[in-house]
Engineer: 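Quick one: the structure is below, and I'll ask about it shortly.
In what follows, every heavy atom counts, from backbone to side chain, and hydrogens, waters and symmetry copies are set aside. Naming convention: chains lettered A, B, ... in sequence-line order (proteins, then strands); numbering from 1 in each chain.
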Number of protein chains: 2
Amino acid sequence: MIQSLNEHNREDLQEALSKGGQKLTPQREVVFAVLLAQRDHPTVDEVFNRAREVMPGLSLATVYNCLETFVGCGLVRQVNHERESTRYCPNLAPHAHFRDKETGQVHDIELPPEVMKSLRSILPPGFDSEVIEISFLGRAKANDSLNSN
Amino acid sequence: MIQSLNEHNREDLQEALSKGGQKLTPQREVVFAVLLAQRDHPTVDEVFNRAREVMPGLSLATVYNCLETFVGCGLVRQVNHERESTRYCPNLAPHAHFRDKETGQVHDIELPPEVMKSLRSILPPGFDSEVIEISFLGRAKANDSLNSN
DNA sequence: CTTGCGGTTTAGACTCATTCTAACTCTTTA
DNA sequence: TAAAGAGTTAGAATGAGTCTAAACCGCAAG
């Protein structure tokens, strides 16, 4: 179940928010806690439903707002696959995503620096890239524990 | 301007369609010609507008249908960036996409086989991937001629 | 205090890409 | 010529996400 944030995580949140000129609010705490509690790349709706168990008055618009704020503060990444609903991921380490064709589950795949480098190297001169998104589509055989980080 | 398909391209289209159990229709020819004429990763709307110059009665639904058919036959790839409108690309060679933050333009980036290989190698055992999507976000300095293929 | 202010939250209206539906057309097969 | 089947069409429906305007809240100034 969704716990409230521990001291450590609350401080991280607090700090990242204030760096971005934002405040820590009860809603933001709950939404952040939801993301940390179950790192399965939930959609906004999923976050909304989970958060409401803990804070029933929370509105969907606020969940959108909170998540956008987190993305702006670099606390969370958006994960898009084709045009499906955007998913959210609190894993900050550079990583790729693997989407299971059958279950729809999204798994994080560690991205070693040398692979990042070889990717950057394929850019022709004049192309400067800040963000690289890599996503695999396929099947992951069993091994439930491998998801996320 | 949009030309009608030359013999060679019409045959390719014809063949790919019939392999997928589909027929060559005037609408499909026009839509395909639009994609080949300007390889700038147009959205459905852009394809629609260009195609109407040549076939004014064409409907938007048909453009959606044609593009979906082409994707099904492997003639064309969809390109998605975040949740923006889907774009279409008739470049069949394996390649990544580079999206210019400022202009919004999408450029094709050639993907050498050894980079593909190193990417596949980061998948943990049990993960089998058929499709790998790679997209860069950044700025491309000038050099208009480098776009697409 | 209590008033005012800026940032946050809220419900509901709105947008817009995409999908669906049902009617229509065209071509082929019987 | 009729019936069947594929493809096309206009417009309605869907649904994720955004916008708007009102309510709320914590806090600093009076």
Side-chain angles (χ1 to χ4, degrees), chain A residues 13-14 16-34 41-52 54-73 75-89 104 106, chain B residues 13-14 16-34 41-52 54-73 75-89 104 106:
Chain A
L13 176 56
Q14 168 73 269
L17 285 172
S18 64
K19 256 186 206 161
Q22 310 281 148
K23 291 174 187 157
L24 185 56
T25 68
Q27 289 84 347
R28 285 172 182 170
E29 269 192 51
V30 169
V31 171
F32 195 60
V34 165
H41 306 84
T43 61
V44 174
D45 254 32
E46 285 162 348
V47 173
F48 179 52
N49 291 321
R50 291 174 198 174
R52 286 246 269 197
V54 153
M55 185 183 268
L58 185 70
S59 86
L60 180 60
T62 300
V63 176
Y64 275 101
N65 291 339
C66 292
L67 292 170
E68 196 193 338
T69 302
F70 297 160
V71 171
C73 295
L75 275 164
V76 151
R77 269 176 68 184
Q78 287 185 315
V79 184
N80 288 289
H81 182 259
E82 317 223 311
R83 285 191 41 96
E84 289 172 10
S85 314
T86 298
R87 295 172 176 278
Y88 291 84
C89 160
V106 177
Chain B
L13 176 58
Q14 168 73 269
L17 285 171
S18 65
K19 256 187 203 158
Q22 309 282 148
K23 290 174 188 159
L24 184 56
T25 69
Q27 289 85 345
R28 286 174 181 170
E29 268 193 52
V30 169
V31 171
F32 195 61
V34 165
H41 307 84
T43 61
V44 175
D45 255 34
E46 286 164 346
V47 173
F48 180 51
N49 290 321
R50 293 175 197 174
R52 285 247 270 198
V54 153
M55 185 184 268
L58 185 70
S59 87
L60 181 59
T62 300
V63 176
Y64 274 99
N65 291 340
C66 291
L67 291 170
E68 196 195 338
T69 302
F70 295 160
V71 170
C73 295
L75 275 165
V76 152
R77 270 176 67 183
Q78 286 184 315
V79 183
N80 288 288
H81 181 259
E82 318 223 312
R83 284 193 42 95
E84 290 172 10
S85 313
T86 299
R87 294 173 176 278
Y88 290 84
C89 159
V106 177

Engineer: With a 4.0 Å cut-off on heavy atoms, is E84(A) in touch with a base, just the backbone sugar-phosphate, or nothing at all?
Structural biologist: nothing
Engineer: Check DNA chain D against residues 59-70 of chain B and give the residues with a non-hydrogen atom under 4.0 Å, in numerical order.
Structural biologist: S59(B), A61(B), T62(B), N65(B)
Engineer: On DNA chain C, reading 5' to 3', which nucleotide is the first and which the last to sit with an atom under 4.0 Å from a heavy atom of chain B, could you check?
Structural biologist: dA17(C) to dT19(C)
Engineer: Which part of the nucleic acid does T43(A) contact within heavy-atom distance under 4.0 Å: base, sugar-phosphate only, or nothing?
Structural biologist: nothing
Engineer: Can you see which heavy atom on R87(A) is nearest to which on V106(A), and at what distance?
Structural biologist: CD-CG2, 4.0 Å
Engineer: T69(A) and side-chain contact (heavy atoms from CB on, under 4.5 Å): which single residue from T25(A), V31(A), L17(A), L75(A) fits?
Structural biologist: L17(A)
Engineer: Rounded to whole Å, how long is the line connecting atom CZ of R83(B) with atom C1' of dT14(D)?
Structural biologist: 12 Å
Engineer: Provide, to the nearest angstrom, the distance between the CD atom belonging to E82(B) and the C1' atom belonging to dG17(D).
Structural biologist: 13 Å
Engineer: I need the minimum non-hydrogen distance between R28(A) and Q22(A), along with the two atoms involved.
Structural biologist: NH2-NE2, 3.4 Å
Engineer: Apply the test side chain to side chain contact (heavy atoms under 4.5 Å, CB included) to residues R83(A) and Q78(B): give CA-CA distance (whole Å), side-chain angles for both, the deciding distance (0.1 Å), then the verdict.
Structural biologist: CA-CA 10 Å; R83(A) 285 191 41 96; Q78(B) 286 184 315; over 6 Å; no
Engineer: Rounded to the nearest Å, what distance is computed from the CZ atom of residue F48(A) to the C1' atom of nucleotide dG15(D)?
Structural biologist: 15 Å
Engineer: Nearest whole angstrom, please: distance from the C1' of dA6(D) to the CG of L24(B).
Structural biologist: 14 Å
Engineer: So which atom in G20(B) and which in C73(B) form the shortest heavy-atom distance, rounded to 0.1 Å?
Structural biologist: CA-SG, 4.3 Å
Engineer: Is it true that, when you exclude E68(B) itself, more than 12 heavy atoms of the residues, nucleotides or ligands shown sit nearer than 6.0 Å to its CD?
Structural biologist: no
Engineer: Which of these passes side-chain contact (heavy atoms from CB on, under 4.5 Å) with S85(A): N80(A), T43(A), V44(A)?
Structural biologist: T43(A)
Engineer: Quick one: list whatever passes side chain to side chain contact (heavy atoms under 4.5 Å, CB included) with V76(B), sequence neighbours left out.
Structural biologist: F32(B), L35(B), F70(B), V71(B), Y88(B), P90(B)
Engineer: Quick one: Q27(B) CD to dA6(D) C1', roughly how many Å, whole number?
Structural biologist: 12 Å
Engineer: Using a cut-off of less than 4.0 Å, is there contact between a side-chain N or O of T25(B) and OP1 or OP2 of dT8(D)?
Structural biologist: yes
Engineer: Show your working on side chain to side chain contact (heavy atoms under 4.5 Å, CB included) between L60(A) and D45(A) and close with a plain yes or no.
Structural biologist: CA-CA 8 Å; L60(A) 180 60; D45(A) 254 32; 4.0 Å; yes
Engineer: Let me know the distance between CG of L58(B) and C1' of dT8(D), rounded to the nearest Å.
Structural biologist: 9 Å
Engineer: What is the distance, rounded to the nearest whole Å, between atom CG of N80(B) and atom P of dA16(D)?
Structural biologist: 16 Å
